[in-house]
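Working notes, beginning with the structure itself.
Proteins get letters first, then strands, A, B, ... in listed order; numbering begins at 1 in each.
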Amino acid sequence: MVLVSETMLQQTQASRVAELLPPFLEMFPSIHTLASASNADVVLRWKGLGYNSRALRLRDAARAIVEHHGGVVPSTPHVLRSLPGVGPYTSAAIACFAYDVWTVVLDVNVRRVYSRWLRAQATTTDVAPEPELIALAERIIPRDAPSAWHHAVMDLGATICTARRPKCSACPLSELCPSSGTMHETVRLRRPEPIFRGEPRRLWRGRVVDVLRQAGASGMTLSALSTTVLGSDATDDEHQWLQDLYGVLERDGLVSRKGRRITLAH
DNA sequence: AATCCGGGGTA
DNA sequence: TACCCAGGATT
């Protein structure tokens with residue numbers, strides 16, 4: 001359960017996970033049902049969560065757990081780290097929240113809270129170096145309540161000590177925090193995302209996957225898919241662009257071709 | 001180190 | 001409506 005919810009929480013706000021986690025768990029009530037799910041099964045049930053390849057890695061992790069760990073989610077960060085899609089954050093989070101193992105959990109919220117606590121930060125985007133964050137964490141995480149501690153810090157980071165406009169005046173730690181009221185907001189620049197027909201490529205990717213979700217197991221031909229997504233008046237160049245996009249999705253294991261028919265991958 | 005990966009929430 | 005968002009994998 002924590003394996004699934006932490007994977008979801010990597011990418012989605014907690015309120016949305018609360019909404020989408022129950023139906024997913026209903027479909028895959030055990031690690032074994034998840035492990036035996038096809039790509040299509042898991043991507044179908046991942047709808048609304050985004051980042052479809054993470055759904056595949058989650059299933060791969062379930063398979064590794066069934067095959068190598070007796071069907072029991074490992075409790076040590078080091079072992080968890082070896083699972084597909086489980087990195088530094090998720091491995092620590094599962095050990096901490098599922099087993100109450102004492103470990104340093106660092107996500108963007110925790111990093112931000114610790115950074116502001118360590119010293120007065122000049123801007124809202126400043127973050128202390130990793131070694132300092134770890135050193136602080138090792139000093140202040142209670143030995144007997146790591147799970148409750150991290151829940152509290154994450155909650156503080158999500159509601160009070162926020163990224164852009166921290167509510168220092170409402171913070172219970174403002175009297176003791178060196179960064180309270182000292183930070184000015186900074187704008188961070190992003191590199192523009194690729195655009196097709198005036199819309200982001202990821203949006204078109206989502207449309208292709210969604211059309212194939214609707215198509216079900218019988219799938220559809222590439223030309224039908226292309227016309228459905230692009231409309232009947234699409235140019236040859238646009239059809240070619242979508243075909244290239246299909247190639248990427250196939251490489252990612254999200255879709256597959258059986259003869260002339262395309263489906264969500266099995 | 002830089003880039004890719006979705007779709008909903010918020011200013 | 002424009003912008004903001006997090007962690008893992010890949011290159």
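Sorted by first and then second residue, the pairs that involve residues 147-195 of chain A and meet ring pair (Phe, Tyr, Trp, His ring centres under 6.0 Å), not counting sequence neighbours, are A/Phe97-A/His151. Contacts classified as ring pair (Phe, Tyr, Trp, His ring centres under 6.0 Å) and involving residues 43-95 of chain A (residues at least two apart or in different chains) are given here: A/Phe24-A/Trp46. Residue pairs satisfying the ring pair (Phe, Tyr, Trp, His ring centres under 6.0 Å) criterion with at least one member in residues 99-118 of chain A, sequence neighbours excluded, are absent. Residue pairs satisfying the salt bridge (charged side-chain N to carboxylate O under 4.0 Å, His left out) criterion with at least one member in residues 39-51 of chain A, sequence neighbours excluded, are listed as follows: A/Lys47-A/Asp210.
For the salt bridge (Lys or Arg N to Asp or Glu O under 4.0 Å) test, no residue two or more places apart in sequence or in another chain qualifies with A/Glu26. Annotation: salt bridge (Lys or Arg N to Asp or Glu O under 4.0 Å) contacts of A/Arg201 (sequence neighbours excluded): none.
Across all strands, A/Val86 comes closer than 4.0 Å only to sugar-phosphate atoms, never to a base (heavy-atom distances).
A donor atom on one side chain and an acceptor atom on the other are found under 3.5 Å apart for A/Gln240 and A/Asp244. No donor-acceptor contact under 3.5 angstrom links the side chains of A/Thr227 and A/Ser232, judged on distance only.
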Distances for protein N or O near nucleotides 1-4 of chain C N or O, under 3.5 Å:
from, atom 1, to, atom 2, distance (Å)
C/dC4, OP2, A/Arg190, NH1, 2.4

Could you give the side-chain donor-acceptor pairs of residues 103-111 of chain A under 3.5 Å, partners two or more places apart or in another chain?
from, atom 1, to, atom 2, distance (Å)
A/Asp107, OD1, A/Asn109, N, 3.1
A/Asp107, OD1, A/Val110, N, 2.8
A/Asn109, OD1, A/Arg112, NH2, 2.7
A/Arg111, NE, A/Glu130, OE1, 3.2
A/Arg111, NH2, A/Glu130, OE2, 3.2

Donor-acceptor contacts under 3.5 Å from residues 155-170 of chain A side chains, at least two apart:
from, atom 1, to, atom 2, distance (Å)
A/Thr159, OG1, A/Asp155, O, 2.8
A/Thr162, OG1, A/Arg165, O, 3.1

N/O donor-acceptor pairs under 3.5 Å from side chains in residues 245-254 of chain A, not counting sequence neighbours:
from, atom 1, to, atom 2, distance (Å)
A/Tyr246, OH, A/Glu250, OE2, 3.0
A/Asp252, OD2, A/Arg205, NH2, 3.4

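One interatomic measurement links the two molecules: CG of A/Leu49 to C1' of C/dG8, which rounds to 16 Å at whole-angstrom precision. Separating the CZ atom of A/Arg16 from the C1' atom of C/dC5 is a distance of 14 Å, rounded to the nearest angstrom. At whole-Å resolution of the value, OH in A/Tyr89 and C1' in C/dA9 are 18 Å apart.
Using P as the reference atom, B/dG6 and C/dC3 are 22 Å apart when rounded to the nearest Å. To the nearest whole angstrom, the two C1' atoms, one in B/dG8 and one in C/dA9, are 24 Å apart. Taking atom C1' in both B/dG9 and C/dG8, the straight-line distance is 23 Å, to the nearest Å. Spacing of C1' atoms, B/dG7 relative to C/dT10, comes out at 22 Å, to the nearest Å.
Contacts with DNA chain C (heavy atom under 4.0 Å) in residues 95-111 of chain A: A/Asp107, A/Val108, listed by number.
Chain A approaches DNA chain B within less than 4.0 angstrom (heavy atoms of the protein), and the contacting nucleotides run 5' to 3' from B/dT3 to B/dA11.
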